[in-house]
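Before any comments, here is the structure.
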Amino acid sequence: QVQLVESGGGLVQAGGSLRLSCAASGRTFNNYAMGWFRQRPGQEREFVAAISWSGGTKYADSVKGRFTISRDNAKNTVYLQMNSLKPEDTAVYYCAATTVSSIWPTLYDYWGQGTQVTVSS
């Protein structure tokens, strides 16, 4: 089992920045690829970014150039730095763990509880 706890969400004005953190505990963090997903009310969960155990990254086109995913294996933590935020980035953000980096949420085995990000215009 892997337990994931997100933090860092909040309310920010358009153009601002937030950094989300996801702390992992349980099985060896280094063995897992990590992803960030988001879900708006009434919509399906969508891929935001992923990072492999070795540091390779993937991004959704909607966040490329604005968001950066990173990980600190010594701290068992993955981060999502979000810059130039837009109102359409408003959502609940979830981190997740999987054995193989993927954009598909169904391939992730473990999920956090989510953290709300609200971007005001």
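Considering OH of Tyr110 and OG1 of Thr99, their distance stands at 9.5 Å, rounded to 0.5 Å. Rounded to the nearest 0.5 angstrom, Asn76 CG and Met34 CE are separated by 9.5 Å. Lys86 contributes atom NZ, which lies 14.0 Å from atom OG of Ser121 (distance to the nearest 0.5 angstrom). Summarising the geometry, atom OG1 belonging to Thr118 is positioned 11.0 Å from atom CG belonging to Asp89; distances are rounded to the nearest 0.5 Å.
Transitive grouping of hydrophobic side chains (ILVMFWY, heavy atoms separated by less than 4.5 Å) keeps Tyr94 and Trp36 in distinct clusters. Residues Ile103 and Leu107 share a hydrophobic cluster, clusters being chains of Ile/Leu/Val/Met/Phe/Trp/Tyr side chains in contact below 4.5 Å.
Pairs of residues two or more places apart, or lying in two chains, that qualify as ring-ring contact (aromatic ring centres under 6.0 Å, His included) and include a residue from residues 43-71 are Phe37-Phe47. Note on residues 16-26: no pairs pass salt bridge (charged side-chain N to carboxylate O under 4.0 Å, His left out), not counting sequence neighbours. Listed by first and then second residue, the disulfide (SG to SG under 2.5 Å) pairs that reach into residues 7-92 are Cys22-Cys95, sequence neighbours excluded.
Between the side chain of Glu6 and the main chain of Gln113, a donor-acceptor pair closer than 3.5 Å is present. No side-chain donor-acceptor contact under 3.5 Å links Thr28 to the backbone of Asn30. Listed for the Tyr32 side chain is no donor-acceptor partner under 3.5 Å among the backbone atoms of Ser101.
Remark: Ser120 engages no residue in a side-chain hydrogen bond (donor to acceptor under 3.5 Å, both in side chains) (not counting sequence neighbours). Qualifying side-chain hydrogen bond (donor to acceptor under 3.5 Å, both in side chains) partners for Tyr93, counting only residues two or more places apart in sequence or in other chains: Arg38. With sequence neighbours excluded, the residues satisfying side-chain contact (heavy atoms from CB on, under 4.5 Å) with Ser84 are Arg66. Every residue two or more places apart in sequence or in another chain was checked for a salt bridge (charged side-chain N to carboxylate O under 4.0 Å, His left out) with Glu88, and none qualifies. Among residues two or more places apart in sequence or in another chain, the side-chain contact (heavy atoms from CB on, under 4.5 Å) test is passed with Ser25 by Gln3. Ala23 meets the side-chain contact (heavy atoms from CB on, under 4.5 Å) test with Thr77; sequence neighbours excluded. Asp61 meets the side-chain hydrogen bond (donor to acceptor under 3.5 Å, both in side chains) test with Lys64; sequence neighbours excluded. Shown here are the salt bridge (charged side-chain N to carboxylate O under 4.0 Å, His left out) partners of Arg71, two or more places apart in sequence or in another chain: there are none. Ser7 is linked by a side-chain contact (heavy atoms from CB on, under 4.5 Å) to Ser21, counting only residues two or more places apart in sequence or in another chain.
Inter-residue side-chain proximity for Thr90 and Gln116 is flagged as met; some heavy-atom pair is nearer than 4.5 Å. At a threshold of 4.5 Å between non-hydrogen side-chain atoms, the residues Val78 and Ile69 count as touching. A heavy-atom distance below 4.5 Å is found between the side chains of Leu20 and Val117. Contact check for Met82 versus Ser17: no side-chain heavy atoms found under the 4.5 Å cut-off. Between Val2 and Asp109 there is no side-chain heavy-atom pair separated by less than 4.5 Å. Side-chain contact between Thr68 and Tyr79 is absent, with no heavy atoms from C-beta onward closer than 4.5 Å.
With a 6.0 Å radius and a threshold of 12 heavy atoms from other residues, nucleotides or ligands, Glu44 has its CD atom at or below the threshold.
Closest approach of Val48 and Val63 over heavy atoms only: O-CG2, 3.5 Å. The minimum heavy-atom distance linking Ser102 with Tyr108 is given by the pair O-OH, 2.6 Å. A pairwise comparison of heavy atoms in Ala49 and Leu80 identifies CB-CD1, 4.2 Å as the closest pair.
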- Message: For Val92 and Thr115: C-alpha separation, side-chain torsions, deciding distance, then whether side-chain contact (heavy atoms from CB on, under 4.5 Å) applies.
- Response: CA-CA 5 Å; Val92 177; Thr115 185; 6.0 Å; no

